[in-house]
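Down below is the structure, laid out as structure tokens.
Each chain gets a letter, A, B and so on, in the order its sequence line appears, and its residues count up from 1.
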Protein chains: 2
Amino acid sequence: MPFHTMNAGDLSKCVEFLNEIEKLKIVYRQNSVVGNSRRENSAEHSWHIAIMAIVLQGFSDEPSIDIFKVVKMLLIHDLVEIDVGDTFLYDAESNVLKEEREIAAAKRVFGLLPEKIGAELHRLWEEFEGMATPEAKYARALDSLQPLMNHLLTQNKEYLNHKVKSDRVVEKKRHIALASATLWEYAKDVIRESEKVGLYRKE
Amino acid sequence: MPFHTMNAGDLSKCVEFLNEIEKLKIVYRQNSVVGNSRRENSAEHSWHIAIMAIVLQGFSDEPSIDIFKVVKMLLIHDLVEIDVGDTFLYDAESNVLKEEREIAAAKRVFGLLPEKIGAELHRLWEEFEGMATPEAKYARALDSLQPLMNHLLTQNKEYLNHKVKSDRVVEKKRHIALASATLWEYAKDVIRESEKVGLYRKE
């Protein structure tokens with residue numbers, strides 16, 4: 001970066017990629033938008049957590065974190081869903097099956113781009129999935145925190161049909177603590193409050 | 001930045017802001033999502049152009065541009081629409097009236113945040129609006145290019161009702177050339193192609 005060797009062929013590839021990712025706007029998640037007029041989609045979810053990364057960076061337990069890297073990860077982290085769809089976190093069976101399909105999707109989607117930028121974004125997606133670096137841990141924490149906040153805010157009744165138990169939510173979200181003790185405390189508050197208003201089952 | 005003086009009060013402010021910006025997901029634009037099942041909203045539009053900034057950076061005529069600054073601008077550039085709504089580019093009357101309301105909206109929305117990060121994002125919004133720096137010019141170019149690409153891709157028929165003339169589109173989008181000669185040539189191709197398929201009027 002930057003890529004000042006770009007030419008007309010590279011522009012065509014970028015355009016193909018940018019048209020392709022329009023499809024993420026019609027990949028719908030379990031969460032809702034405020035007012036519950038429709039489900040949230042993975043593109044606007046990605047936008048939201050990219051802003052969270054910037055706004056909440058002071059709460060990362062890793063002071064030297066590269067926030068731009070985090071933002072890039074979050075912007076592209078769900079592009080594989082164009083091929084695979086969104087998998088509900090508490091659906092154990094679907095989550096076992098999805099890994100291989102996501103790997104193939106990443107290869108296809110990032111492969112649309114000129115080699116250098118495509119390879120960079122593909123590496124960032126793999127880093128996000130690996131959750132080993134401080135940037136990936138922080139990015140994954142935000143990806144897990146935003147749906148909790150959204151759920152409490154929108155009080156989306158459809159979650160109730162899944163009858164998710166609070167303990168299971170805590171278990172699935174515990175990795176937030178790897179990025180930020182403060183955000184994990186906050187996440188547990190949100191889960192407790194959500195249980196209180198009937199969004200998760202106690203037993 | 002980073003903001004390692006953040007405390008519990010700051011977290012509350014960040015949460016209030018992050019809940020507030022959920023509303024951008026229900027600010028709808030003239031453009032459509034692929035398949036035309038609904039209008040595009042300003043949150044997913046912002047996500048799309050943030051990725052464009054990263055992918056197309058090699059086409060910026062300014063080699064030393066700060067891409068993270070551009071990405072931050074693009075992520076937050078439409079937050080004022082939470083109060084003001086989206087204004088159709090070719091509606092001259094609405095565009096005259098909106099400026100003052102947007103200034104007040106920016107003050108309110110960024111004012112929800114802790115002072116330091118709120119002031120930074122507010123300044124970035126003002127820089128975007130001013131269109132004087134290389135980052136702002138590039139950001140504005142992408143903000144103008146994406147709807148053209150989206151329109152040609154989705155062939156949204158509702159635009160037809162507005163009977164927009166190609167010359168007027170060219171005039172409104174000409175500032176893309178301030179950021180990138182290549183992207184402006186491409187934008188003109190898209191406009192010509194869109195006219196050919198009947199999305200804009202020739203006369």
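Smallest separation of non-hydrogen atoms from A/V71 and B/F68: CG2-CE1, 3.9 Å. Residues B/R38 and A/K25 come closest through the heavy atom pair NH2-O, 2.8 Å. Of all the heavy atoms in A/L18 and B/H48, the pair that sits closest is O-NE2, 2.9 Å. Shortest non-hydrogen contact noted between A/L79 and B/W47 is CD2-CZ2, 3.8 Å. In plain terms, the two heavy atoms of A/F17 and B/I51 that are nearest each other are CE2-CG2, 3.9 Å. In plain terms, the two heavy atoms of A/V55 and B/I117 that are nearest each other are CA-CG1, 4.3 Å.
Only the side chain of B/L153 comes within contact range of chain A, judged by heavy atoms closer than 4.5 Å. Contacts between A/E40 and chain B at a heavy-atom distance below 4.5 Å involve the side chain alone, from C-beta outward. Contact annotation for B/S42: neither backbone nor side-chain heavy atoms come within less than 4.5 Å of a heavy atom of chain A. Interface residue B/Q146: only side-chain heavy atoms are found under 4.5 Å from chain A. Proximity to chain A (any heavy atom under 4.5 Å) is restricted, for B/N41, to the side chain, taken from C-beta onward. For a residue to count as touching a neighbouring chain, one of its non-hydrogen atoms must lie under 4.5 Å from one of that chain's; by this rule B/L145 does not touch chain A. Contact of B/L183 with chain A is made through the side chain alone, with heavy-atom distances under 4.5 Å.
With rounding to the nearest 0.5 Å, the separation of OG in A/S46 from CG in B/L75 is 10.5 Å. A distance of 10.0 Å separates SG in B/C14 from OH in A/Y186, rounded to the nearest 0.5 Å. Summarising the geometry, atom CG belonging to A/L11 is positioned 4.5 Å from atom CZ belonging to B/F59; distances are rounded to the nearest 0.5 Å. Atom CE in B/M149 sits 8.0 Å away from atom CD in A/E22 (nearest 0.5 Å).
Residue A/E171 qualifies as enclosed at atom CD: its count of foreign heavy atoms under 6.0 Å is above 12. Other residues, nucleotides and ligands contribute only 12 or fewer heavy atoms inside 6.0 Å of the CD atom of B/E99. Residue B/E185 qualifies as enclosed at atom CD: its count of foreign heavy atoms under 6.0 Å is above 12.
Listed options B/I76, B/L152, B/N150 were ranked by heavy-atom pairs under 4.5 angstrom with chain A; first place goes to B/N150. With chain A as partner, the option from B/L121, B/L24, B/T154 having the largest number of non-hydrogen pairs under 4.5 angstrom is B/L24. Ranking B/L113, B/N19, B/I26 against chain A, the residue ahead of the rest is B/N19, based on heavy-atom pairs under 4.5 Å. Annotation: maximal heavy-atom pairing with chain A below 4.5 Å, among B/V15, B/L56, B/I65, occurs at B/V15.
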